[in-house]
Amino acid sequence: MSDKGMTIHLKIWRQARGAASGKFVDYTVKNVLAEMSFLEMLDILNEELVQKGEEAVEFDNDCREGICGTCGMVISGVAHGPYAASTTCEIRMRQFKDGDTLTVEPFRAKPFPIIKDLVVDRSAFDRIQQEGGFVTMNVGSAPDGNAFPISKEHADKAMDAAACIGCGACVAACPNASAALFVSAKISQLSWLPQGEPERGRRSLAMVAQMDDEGFGDCSNHGECEAVCPKEISIENIARMRREFVKGALKG
Amino acid sequence: MAEKGSVAWSSVGKKVITGLTGLALMGFIIAHLIGNLTLFIGPHEFVAYGEFLESILFGKFVIAFEVVMFFIFLFHIVAAVTVAWTDKRKARTEGYRYAKNAGGKSRKTLSSRSMIVTGILIAIFVVGHIYLFKISPSKENLYATVADAFTGLSFTIFTVVVMIMLGLHLRHGFWSAFQSLGWANDKYLPVLTRVALVFALLMAVGFLVIPVFMHFTGDPSFTMPGGH
């Protein structure tokens with residue numbers, strides 16, 4: 001530890017459960033160590049709030065190691081904070097300076113209703129998945145290596161798309177609140193593999209229809225989603241989703 | 001896996017429509033620019049080029065072409081307006097109090113953000129353009145009409161500004177069309193975005209030198225020998 005710690009000013013969005021809107025509330029957290037994660041800093045704030053008899057700031061989190069996709073907030077205007085390829089829980093306070101003022105807002109989109117403070121309901125993603133983000137064949141146990149004729153390139157593309165943890169940052173960052181990156185990753189990962197073949201045509205049609213029904217916006221190819229994605233999912237998946245969709249539509 | 005709503009008018013369907021019509025419109029403006037460049041050869045050649053177009057298939061070609069172009073414009077505009085305006089507003093009813101560009105791999109630019117504004121401006125310009133040079137020409141031949149239109153400085157400047165808007169629109173629109181049609185991947189995206197910049201510059205500069213050239217050299221009293 002190089003110094004005594006930083007003082008961080010926070011403007012956090014507070015919204016009561018069931019309220020139509022909320023407002024920013026100013027907080028100051030002292031003795032913030034560079035080694036702390038952003039969420040640990042919020043934990044300290046909440047400890048202080050509870051000791052003062054105030055209500056703690058609600059935020060989603062689970063694994064705190066960037067693999068579960070539960071956490072997510074917009075820090076200083078950028079989903080998952082100003083550091084590429086990380087979830088909110090992977091943000092470390094060393095990325096900020098002593099005396100910084102950070103705004104903290106929830107992911108904002110109509111299909112992601114705010115439950116309370118920074119917690120949003122992302123079950124729209126689950127409903128999209130249930131429409132086609134699965135295979136219906138019985139794949140049995142893990143097959144022997146090289147038993148399936150899948151090239152390394154295709155396996156890599158499938159794996160890159162499958163890295164999506166469904167955090168919703170793509171929707172949060174999109175100027176149109178589009179879920180194209182999430183949905184395309186889920187369609188794309190299965191389109192590269194023989195296991196995904198039987199439902200290939202129907203999958204893209206069904207998942208896109210559900211995405212539209214949930215009320216997500218349309219993609220304008222801004223590419224903000226790729227920039228904030230903690231798993232660096234490429235927008236090439238969105239192009240692939242469109243190709244899959246056109247093929248599915250033409251086959252009927 | 002029930003199908004809900006129309007496939008063609010889904011979020012992805014609308015992008016495919018916007019991309020296809022966008023490509024068609026880009027093909028059109030390339031042909032349009034090449035045709036316009038006959039202005040630099042001379043007034044006779046420009047008028048003759050116009051008359052040649054009018055004469056194909058006894059004038060039926062131009063009419064058929066105009067009908068097709070009308071629908072291409074219509075689908076491009078309606079699909080794009082729902083994407084970038086109406087659906088967008090519905091999908092985020094409460095906006096961020098503080099939002100910043102993520103930078104890095106983002107392709108969000110002034111050009112991508114202003115598509116709806118530049119697009120509407122271009123659409124208004126196209127309507128005026130057709131009225132001025134097609135429906136109600138001020139002179140007896142097309143060259144004199146064009147020269148007459150650009151005698152005024154304000155209209156010349158206005159046209160130059162709209163052509164810069166066209167360049168901005170194409171900067172995002174060119175590569176975005178390929179992405180919207182699914183004709184892109186990590187290998188081709190960087191190539192497409194670079195070609196988009198070159199294409200946008202070529203089109204904007206190509207189209208904006210015409211009003212400037214005509215403002216300084218145009219002769220509104222030009223008549224074709226033989227009384228056209």
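For the numbers below, each heavy atom of this structure counts, side chains included, while hydrogens, waters and symmetry mates do not. Here is the naming used below: chain letters follow the sequence lines, and residue numbers restart at 1 for every chain.
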Exercise. Determine the option with the most heavy-atom pairs under 4.5 angstrom with chain B, choosing from A177(A), A109(A), P106(A).
Key: A177(A)
Self-check item: chain A contact via S180(B) - side chain, backbone, both or neither, heavy atoms under 4.5 Å
Solution: both
Quiz item: Of the options R107(B), H172(B), K108(B), M115(B), which is the one that meets N221(A) in a side-chain contact (heavy atoms from CB on, under 4.5 Å)?
Solution: H172(B)
Quiz item: Around atom OH of Y83(A), are there more than 12 heavy atoms of other residues, nucleotides or ligands at under 6.0 Å?
Solution: no
Quiz item: So does F125(B) have more than 12 non-hydrogen atoms from other groups sitting under 6.0 Å from CZ?
Solution: yes
Quiz item: R113(B) versus chain A, heavy atoms under 4.5 Å apart: side chain, backbone, both or neither?
Solution: both
Quiz prompt | Point-to-point distance, once rounded to the nearest 0.5 Å, from CG of N101(B) to CD of E224(A) | solution = 5.0 Å
Quiz item: At a heavy-atom separation under 4.5 Å, does A180(A) approach chain B through its side chain, its backbone, both, or neither?
Solution: neither
Self-check item: Within 6.0 angstrom of M159(A) CE, more than 12 heavy atoms from elsewhere
Solution: no
Quiz prompt | Beyond-backbone contact of Q179(B) with R242(A), side-chain heavy atoms, under 4.5 angstrom | solution = yes
Quiz item: K110(A), E105(A), K11(A): which one forms the most heavy-atom pairs within less than 4.5 Å of chain B?
Solution: E105(A)
Exercise. Give, for atom OG of S234(A) and atom NZ of K105(B), the distance between the pair rounded to the nearest 0.5 Å.
Key: 7.5 Å
Quiz prompt | Sub-4.5 Å side-chain heavy-atom contact between V7(B) and F245(A) | solution = yes
Exercise. Select one option (side chain, backbone, both, neither) describing which atoms of M211(A) are under 4.5 Å from chain B's heavy atoms.
Key: side chain
Quiz item: Quick one: what part of V83(B) sits under 4.5 Å from any heavy atom of chain A, side chain, backbone, both or neither?
Solution: both
Quiz prompt | Selection from I114(A), I235(A), V171(A) maximising heavy-atom pairs under 4.5 Å formed with chain B | solution = I235(A)
Quiz item: CZ of R108(A) to CD of E94(B): how many Å apart, nearest 0.5 Å?
Solution: 4.5 Å
Self-check item: Best-contacting candidate, S204(A), A173(A), P175(A), G215(A), against chain B by heavy atom pairs under 4.5 angstrom
Solution: P175(A)
Exercise. Enter the distance from S220(A):OG to K15(B):NZ here, rounded to the nearest 0.5 Å.
Key: 5.0 Å
Self-check item: Side-chain heavy atoms of R97(B) within contact of T103(A), under 4.5 Å
Solution: no
Quiz item: Between the main-chain N or O of S10(B) and the side-chain N or O of D212(A), is there a donor-acceptor pair closer than 3.5 Å?
Solution: no
Exercise. Go through P82(A), S178(A), A20(A), S21(A) and name the one with the most non-hydrogen pairs under 4.5 angstrom from chain B.
Key: S21(A)
Practice problem: Heavy-atom pairs under 4.5 Å with chain A are the metric here; pick the option from G95(B), A84(B), A80(B), A8(B) that has the most. | Solution: G95(B)
